[in-house]
There are 2 protein chains.
Amino acid sequence: MADVNVSTLPISPKGAGKADDSQGNEGIPAVELIELLFFAYRDFVGDADELLARLGFGRAHHRVVHFVNRHPGMRVADLLAVLKITKQSLGRVLRELVDNGYIQQKAGDTDRRERLLYVAPKGEELARQLVALQTRRFARAFNECGPGARAEARKFLASMIDPESREEVERLISRANAKK
Amino acid sequence: MADVNVSTLPISPKGAGKADDSQGNEGIPAVELIELLFFAYRDFVGDADELLARLGFGRAHHRVVHFVNRHPGMRVADLLAVLKITKQSLGRVLRELVDNGYIQQKAGDTDRRERLLYVAPKGEELARQLVALQTRRFARAFNECGPGARAEARKFLASMIDPESREEVERLISRANAKK
DNA sequence: GAAAATAAGTCAATATGGCTGACGTAAACG
DNA sequence: CGTTTACGTCAGCCATATTGACTTATTTTC
C-alpha cells in the first residue's frame, strides 16, 4: 500500500522545522510525536471504520455503541456529556441504532422521564467485535515494544488528557470495569 | 469543567465487559487503552481547534498547513497521498489557504505542470503556533511520566501505525527533519 | 395542586469535510 | 502528434456536527 509518495518529495532546505531540540526531550522533537499520533490514530479508527461501513454506520454509531455497552443503563444526558456533542447530533444516530435493533431504551424506574440505554444482543456483539479489532492493534504494538510498554502507554495516554477531565475519565473507566 | 456526569451512572452489572484480562497484558485491559486514546486524541486536537476556529479554519486547514510547512515545495499529489483524501476535498481548503495568504504555489522548475506548495510567512507562523500548542501538551505529559517516557511513547505510537505504512511515515518524518 | 424545572425528542437551517463522476487545461512524454 | 500526467473545477451527494426553538412527559418545588 505505498500511498505516501515520499520518493518524490524534495530534500531541499527551508526554515522553521526544529526549535525545541535543545532541552531534555531525549532527541525526539515533539513534531515527530505529533505526526506519529496523527497517523496512529488514523489507523486505529480505520480498523473500526471498515466493519462499521459494512453495516451502514459511521464513527458516531461506534462511539454510542461502545459507551452504552460499557455503561449499560446510562441516561441520554450522560452519553451527551461523555461524547460532548449536542442532543440533536445524537438524535439521528441513536434513532438509527434503536431502529436497527442495536440499542434498547427503557424508562427509568424512579424517574420515568429517563430513557436508559442498553445494548441489545446485536449491539453487544458489534461492540465486542469493535473492541476486538482495536485490541488486536494494541496487542501487536506492545508485542513489538517489549515488556512494560503497556503500563507506560497507559500512563502516557492518561497524561495527554486535559488535567481537568482526567479524573472524570479515570472514574468513567473504573466504573465501566466494575460492571464487568 | 465537570462535563461527564459520572455521579449518575449506575453501578449495576451487565455482561460483556472483560474478556482479555487473562494473558500478559499487565492487568490493563485494552478497552481502557481504547478509551484513553479516544479522550487523549480529542484533547490533543482540541488544542488546535480553538486557535483555528478564531481564523475561520478547521482541522483540514490544520493538516494542510502542517504538512506543507514540514515539506516545503511538496506537490499537490504528495499532499493528497499523505492526507489520503481526494483532490476535490483538498480543493476548497487549499484555495482558502491560498486566498488568505497562508500558502503559496509555484510552478515546478523542471515540470511546470506541478504547483509546488510553500507556506507563506503567515502560514509558517500559524504552523509554528499549532506545533507549539501540541508540543506543550506532550511536554506536560512527559513531565508527569518521568524520564524515558518520551522514547517509549515514540516507539509505542510508531507501533500503532499499520505495519505497511510505518516505513513510509518514518521516511516522511526523517525527510521533514532533514529540511530543518 | 399549580408552577417551574428537567429529560428527552424533534423540526429547521447551517457548516464542515469528506465522497464520486465528469470534464478541462496545460505540459510532458514517447 | 497522440497519450499521459498534474492540477483544477463543476455538480451533486452524504455524514456529522452545530444553533435555536419548540413539544411532551414527568418530577420537583413552592
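Chain letters run A, B, ... following the sequence lines, proteins first and then strands; every chain starts at 1.
Taking the salt bridge (charged side-chain N to carboxylate O under 4.0 Å, His left out) definition, one finds that R136(A) meets it with nothing, sequence neighbours left out. With sequence neighbours left out, the side-chain contact (heavy atoms from CB on, under 4.5 Å) criterion links L51(A) to R54(A), L126(A), Q129(A), L130(A), L133(A). Under the side-chain contact (heavy atoms from CB on, under 4.5 Å) criterion, A127(B) pairs with V65(B), N69(B), sequence neighbours left out. The side-chain contact (heavy atoms from CB on, under 4.5 Å) check on L116(B) picks up R75(B), E114(B), Y118(B), with sequence neighbours excluded. Take E144(B) and apply the salt bridge (charged side-chain N to carboxylate O under 4.0 Å, His left out) test, not counting sequence neighbours, and it matches R166(A), R140(B). Residues passing the side-chain contact (heavy atoms from CB on, under 4.5 Å) test with N143(B), sequence neighbours excluded: none. Taking R113(A) as the reference, D111(A) meet the salt bridge (charged side-chain N to carboxylate O under 4.0 Å, His left out) condition, with sequence neighbours excluded. For R92(B), the salt bridge (charged side-chain N to carboxylate O under 4.0 Å, His left out) criterion is met by E96(B), not counting sequence neighbours.
Listed in residue order, the members of residues 96-116 of chain A having a heavy atom less than 4.0 Å from DNA chain C are Q105(A), R113(A), E114(A), R115(A). DNA chain C lies under 4.0 Å from at least one heavy atom of each of the following residues of residues 46-59 of chain B: G58(B), R59(B).
Under the 4.5 Å side-chain criterion, counting only non-hydrogen atoms from C-beta, F67(A) is in contact with L172(A). Taking the side chain as every heavy atom from C-beta outward, L94(B) and L117(B) approach each other to under 4.5 Å.
Here the P atom of nucleotide dT6(C) and the CG atom of D78(A) are 15 Å apart, to the nearest Å. For K87(A) and dA7(C), the NZ to P distance is 10 Å, given to the nearest whole Å. One can place CE of M74(A) at 14 Å from P of dA7(C), the figure rounded to the nearest angstrom. The CG-P distance, from L80(A) to dA8(C), rounds to 8 Å in whole Å.
Screening residues 85-117 of chain A for ring-ring contact (aromatic ring centres under 6.0 Å, His included), with sequence neighbours left out, gives F57(A)-Y102(A).
Between the side chain of Q88(B) and the base of dG21(C), at least one donor-acceptor pair of N or O atoms lies under 3.5 Å.
Extent of DNA chain D lying under 4.0 Å from chain A heavy atoms, first and last nucleotide in 5' to 3' order, is dA15(D) to dT27(D).
The nearest heavy atom of DNA chain D to V93(A) and to G91(B) marks one nucleotide each, and the one closer to the 5' end goes with G91(B).
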